[in-house]
2 protein chains.
Amino acid sequence: MARKPPTKPRKNASQARSRATVDALVEATARILVREGFEKASTNRIAEIAGVSVGSLYQYFPSKEALVVIDRHNDEIMQIVRAAFVEVADMPIEKAVRRLVTVAIEAHHIDPDLHRVLAEQIPRSGRLAEVEAFNHEVDGLVRAYLESHRKEMRKIDPGLAAFMCVSAIEAVAHNTVLNPAEMLSEKMVRTLVDETTRMVVGYLR
Amino acid sequence: MARKPPTKPRKNASQARSRATVDALVEATARILVREGFEKASTNRIAEIAGVSVGSLYQYFPSKEALVVIDRHNDEIMQIVRAAFVEVADMPIEKAVRRLVTVAIEAHHIDPDLHRVLAEQIPRSGRLAEVEAFNHEVDGLVRAYLESHRKEMRKIDPGLAAFMCVSAIEAVAHNTVLNPAEMLSEKMVRTLVDETTRMVVGYLR
DNA sequence: AGGAAAAGCGAGCGAATACTCGCATTATAT
DNA sequence: ATATAATGCGAGTATTCGCTCGCTTTTCCT
């Protein structure tokens with residue numbers, strides 16, 4: 001007794017075909033979210049757009065929420081951010097901040113529409129925890145950098161400073177993405193990087 | 001002909017009883033949004049909590065979205081903000097910024113839970129326009145202040161400066177509300193006001 | 001008092017949704 | 001070649017939701 005459940009391990013994709021199915025579903029979800037919004041993203045519709053049946057959908061995703069693939073986007077951004085912190089570790093504040101601000105704005109621009117939609121939908125797809133983990137890691141990285149560069153700064157609690165810096169940088173990057181057109185020109189981006197760097201560096205000194 | 005529609009003007013509340021009904025509905029909506037989230041806020045449930053029938057609900061609100069009373073909250077905040085700008089108009093930058101930052105944080109704390117829920121739900125209840133109008137007005141006020149205090153500042157485009165300042169201040173206020181407990185202590189609020197003021201003033205000089 | 005307008009009621013309609021289940025098709029292994 | 005597992009299917013189920021409509025009750029006005 002206690003045999004292995006023979007059919008339907010109920011989840012993982014092992015063959016090539018099924019992996020393609022999963023990809024199609026994820027991409028279809030992202031497409032619908034971006035082009036038509038969350039309301040239109042019903043499971044039936046997602047399956048239809050993916051060229052797959054609802055049944056297959058539920059073989060790989062236990063619920064509708066599981067389809068909202070915040071992870072992919074977050075991981076992509078987080079990898080860039082981590083790399084940036086490594087690169088920046090020994091730089092003086094001014095250069096480091098400039099680089100980090102640039103990365104933050106660039107990261108927000110990877111897929112602006114998807115970013116916007118995901119940011120809006122986070123609260124309703126129990127993914128709050130993941131996003132908090134993301135924020136927490138960023139906070140930790142900033143804090144670590146600040147602590148190891150204390151001598152270049154005024155006396156200030158690193159936790160507090162990290163909160164302020166992350167808030168300010170994130171806000172500029174986020175608001176930049178939200179704005180429609182001309183916020184995105186090369187020149188404007190450079191200006192925004194300059195200004196944000198100035199604000200943050202000025203604050204830390 | 002062209003008589004006034006005799007029964008059911010389909011909307012306004014003239015008697016005291018009906019005004020109470022409207023209030024009950026609005027309050028019930030806010031309560032459910034805060035305590036149980038948007039998903040649970042069905043029209044039937046709202047009516048039930050308000051102690052009113054669905055039919056009555058639709059006498060005063062043409063759709064579910066109309067019940068999400070962003071206006072009330074926004075108006076309340078906007079009034080405080082406008083008053084603050086009047087009060088601040090002739091102050092030097094340092095004092096003005098400190099006052100405005102204080103007001104921003106206080107405004108976010110009026111009803112933190114409601115504020116959070118509304119912020120999350122804005123995208124799905126066609127109220128984006130109203131919120132943009134709100135942001136636009138704030139931006140205008142900041143810009144006007146900055147323009148009339150140009151001599152105290154370094155040379156900088158007032159539009160850009162307004163964008164940066166509003167982003168930074170709003171982010172700190174917003175993130176403060178999101179954080180759970182100790183962010184709200186008297187002492188912490190004062191510290192945050194100090195830090196944000198320092199950041200913004202330092203940036204403008 | 002009595003008639004008319006305003007306010008309130010709530011069962012129920014149609015549409016949509018998330019998800020299941022029994023079966024068909026395709027791949028893998030021997 | 002054949003058995004077995006993996007994958008795919010989609011009509012159907014149960015539920016929920018926004019909203020309507022015919023009716024009753026309350027208030028207002030003279």
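Within every chain, numbering begins at 1; the chains are lettered A, B, ... in the order of the sequence lines, protein sequences first and strands thereafter.
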Review point. Which part of the nucleic acid, if any, lies within reach of A:Thr43 when heavy atoms closer than 4.0 Å are counted: base, sugar-phosphate only, or nothing?
Key: base
Rounded to whole Å, how long is the line connecting atom [atom1] of [X] with atom [atom2] of [N]?
X: B:Leu57; N: D:dC19; atom1: CG; atom2: P; answer: 9 Å
X: A:Ile46; N: C:dA16; atom1: CD1; atom2: P; answer: 17 Å
X: B:Lys64; N: C:dA15; atom1: NZ; atom2: P; answer: 20 Å
X: B:Tyr58; N: C:dA6; atom1: OH; atom2: P; answer: 23 Å
X: A:Leu67; N: C:dC19; atom1: CG; atom2: C1'; answer: 12 Å
X: A:Arg19; N: C:dA27; atom1: CZ; atom2: C1'; answer: 13 Å
X: B:Gln59; N: C:dG8; atom1: CD; atom2: P; answer: 7 Å
X: A:Glu39; N: D:dT16; atom1: CD; atom2: P; answer: 19 Å

Point to revise | Nearest-nucleotide comparison on DNA chain C, the residue closer to the 5′ end among B:Ala16 and B:Gly55 | key: B:Ala16
Kindly point out which of [options] is positioned nearest to the side chain of [X]?
X: A:Gln15; options: C:dG8, C:dA27, C:dT20; value: C:dA27
X: B:Ser42; options: D:dG18, D:dT7, C:dC9; value: D:dG18
X: B:Ser56; options: D:dT20, C:dG8, C:dC19; value: C:dG8
X: A:Ser18; options: C:dG8, D:dT7, C:dC19; value: D:dT7
X: B:Ser53; options: C:dG10, C:dA7, D:dG8; value: C:dG10

Review point. Do A:Arg72 and A:Asp23 meet the salt-bridge criterion of a basic N to acidic O distance under 4.0 Å?
Key: yes
**Study point:** Set of side chain to side chain donor-acceptor pair (under 3.5 Å) partners for B:Ser167, sequence neighbours left out
**Key:** A:Asn175
Practice item. Please figure out whether B:Arg17 or B:Ser63 has its closest DNA chain D nucleotide nearer the 5' end. Key: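 Here B:Ser63 is the residue nearer the 5' end.
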Review point. Heavy-atom distance under 4.5 Å between the side chains of A:Met188 and B:Leu160, does that happen here?
Key: yes
Check your understanding: Can you find a heavy atom in the side chain of B:Leu57 that is under 4.5 Å from one in the side chain of B:Thr21?
Key -> no
Exercise for review: Please determine if A:Lys95 forms a cation-pi arrangement with A:Tyr145, meaning its NZ or CZ atom is less than 6.0 Å from the six-membered ring centre and no more than 45° off the ring axis.
Suggested key: no
